[in-house]
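Below: one structure, written as C-alpha cells.
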Protein chains: 2
Amino acid sequence: MPSDHTRSAILAAAERLYADRGFGDVTLRDIVAEANVNLAAVNYHFGSKDELIAELFVTRSIATNRERLRELKTAEEAGGGRAPIEVILRALVGPTLRGCLGPENQRSTAARFMIRASIESVPPIRRIKNREIDHLRKFAGAMRRSLPDRSDVDIYWGLNFALAMAHHTIRESERLTKLSEGKCNLDDVEDVVERVVSVATMALTAGRTEAKAPSKVAAR
Amino acid sequence: MPSDHTRSAILAAAERLYADRGFGDVTLRDIVAEANVNLAAVNYHFGSKDELIAELFVTRSIATNRERLRELKTAEEAGGGRAPIEVILRALVGPTLRGCLGPENQRSTAARFMIRASIESVPPIRRIKNREIDHLRKFAGAMRRSLPDRSDVDIYWGLNFALAMAHHTIRESERLTKLSEGKCNLDDVEDVVERVVSVATMALTAGRTEAKAPSKVAAR
DNA sequence: GATAGTTTCATACAACTGTTTGAATTGCAA
DNA sequence: TTGCAATTCAAACAGTTGTATGAAACTATC
C-alpha cells in the first residue's frame, strides 16, 4: 500500500466536496470526515488549506493547458508553422468546453471542480490564474502567425473575446438554459465549440479598417 | 439631521471597503470602524451582513438595468417598435461597460464595487443575479423583433455572447492589459463598446441577409 | 417635562475556523 | 529485536466571525 494513501484520499474528497458545495462552505473538517483521515493530516501533507486548493487547481489546469498545446502543436505542424485561425481557436476553447460542459450526470468531478473554480473565485486560485499569461501568449503568437496582416491589438481582442465566450458560457450555463427555456442545448458540446469558434473567427477576420479610430462616430 | 445617517454611512463605508479589498477580507468590524458607527448598527439596520451586501448590489443593479431599459425604449420608439440590432446590443452592454471601465482614477466606488461583485461571487449576490432573467428576456424580445428571421436559439446565443464579452472584459481587464502589454486600451470605453457590439452583431447576423445592416461585410 | 419609541452603545456570546502540539502508532532498515 | 524516521491521532489553541443582549442615550409627542 502506497504511503500517500492519505494524501490522495484528501485530494479526492476535497475535489468532490468543493465541486458539489463550493469553496465557501466546505471546511477542512468536512474534507477529513469525507476522506476518513485525521484533521491534522491536511496540514501535515499540504501545509495549509490554501496549498491544498492550489494543488487541486494546478493539477487540473496543467492538464487542460497541456491538452490545448497538444492540439495547437499538431495543427501548426500540419500547416507548416501556420495553422488556420479556426483550428487555433478550437485548440484554445475546445478542451475547456469539452471538460466543463456536456451531460450533467456524466460530468466528471474534475470538471465540476473546475466550474466551481471559475464561478467562485478564491485567493489561491486567483493567484495561479494570474500566472497563466505566458500560456496565453503562446496562443497569441500562433494567431499572429495565422493572421499576419492583423494588428496585435485585434489579435488580443480576438483572444479575449474567444475566452470570454467560452468561460462565460461555462459559468452561466445554467442561466442560459433557463433563459432560453432549454432551447440552447449545452449538452451538445461540439455545437457550442463551433459557435464560439465561428464567432471568434469572425471577430478576427472581419472588417479590416475597424481597429484604429477610437473617435469614430458612435451611432446613437 | 436625517435619522438614516447611520444607515447610509454603513452603506457607503461597506461599498468602499468591498470595492477596495473584496468581500473575502472585509469584516463587519472593518465596516463599522470605517463608518464610525457601532458594531450592532449593521444588524439593527440591515438584519444581517448578507442583507447589507444584497442591498448594496440590488441598488446598483437596478440603476444599471434602468439605464439599459431607458436606452432600449428610446431606440425602439424611434424605430417604431423595431430597433437596429446594434442599438439594442449597445443598450445591453453599454451601461455596464461605461460604468465599470474607464480610467481607473476616475472610476466610481459604485463601479469598483460592481467589478468586485462580478469577480468574487458571494452567495447573497448570486441569489440576486438569478432573478435577472426577466430583465434579459426583455432584451431577447427586442432582439427577436429586430431580427425576425433569426431563430430563438440564435438570439439567445447572441445575447449570451454579448454579455460574455462585456462581463469577461470587465472581469479580466487587468489581465488583458498585461497580456497585450498595454496595447489594448481599456480606458477608451466607447471603443470597447463598439468592439463588443460589432462582434455580437456579426454573431447574430452572419449567414443571413445583410440587407438592413449598415455594418461591413462579415467575412467568413 | 414626563413618556413612548427609536436608535446607539459596550459588551458578551456562541460557534466555527485553520493550525499546532506532543504523544501514540506504524513501517522499515540494520 | 532495536532504533529511527515518517505518519497518524486526539486534543487543544488562538483567533475571528456574525449576531444577540440589555442598558443608555437620544427624539419627538403629548
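Computed from a predicted model, the values in this text were never measured in an experiment. Throughout, a chain's letter reflects where its sequence line sits, starting with A, and its residues are numbered from 1.
Under 4.0 angstrom from either OP1 or OP2 of C:dT8 there lies at least one side-chain N or O belonging to B:T6. For the pair A:H5 and D:dT8, the criterion of a side-chain N or O lying under 4.0 Å from OP1 or OP2 is not met.
In this structure, B:L17 and B:V26 approach most closely via the heavy-atom pair O-CG2, 3.7 Å.
Partner of B:E15 under the salt bridge (charged side-chain N to carboxylate O under 4.0 Å, His left out) criterion, out of B:R112, B:R21, B:R60, B:R116: B:R60 alone.
In this entry the distance linking CG of B:N36 with P of C:dT8 reads 13 Å, nearest Å. What separates CG of A:L52 from C1' of C:dG18 is a distance of 12 Å, to the nearest Å. For the pair A:N43 CG and D:dT8 P, the computed distance is 14 Å after rounding to whole Å. Put simply, CG on B:L28 is 16 Å from P on C:dC9, counting in whole angstrom units. Straight-line distance from the CZ atom of B:F46 to the P atom of D:dT19: 13 Å, rounded to whole Å. Taking atom CD1 of A:I31 as the reference point, atom C1' of C:dG18 lies 11 Å away to the nearest angstrom. When the C1' atom of C:dT7 is taken as reference, atom CD1 of B:I10 falls 11 Å away, rounded to whole Å. Spacing between atom CG of A:D30 and atom C1' of C:dC16 amounts to 11 Å, rounded to whole angstrom units.
For the pair B:R7 and B:F46, the minimum side-chain heavy-atom distance is below 4.5 Å.
A salt bridge between A:E174 and B:R126 is absent, with no side-chain N of the basic residue lying under 4.0 Å from a carboxylate O of the acidic one. Here A:K129 does not pair with A:E132 in a salt bridge; the nearest charged N to carboxylate O distance is not below 4.0 Å.
Along DNA chain D, the nucleotide nearest to A:A41 and the one nearest to B:S48 differ in position, and the one closer to the 5' end is contacted by A:A41.
Looking at residues two or more places apart in sequence or on another chain, you find no ring-ring contact (aromatic ring centres under 6.0 Å, His included) involving B:F57.
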Output a table of nitrogen or oxygen pairs between the protein and nucleotides 11-14 of chain D separated by less than 3.5 Å.
none

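The aromatic rings of B:F113 and B:Y18 sit tilted, their planes meeting at an angle between 30° and 60°.
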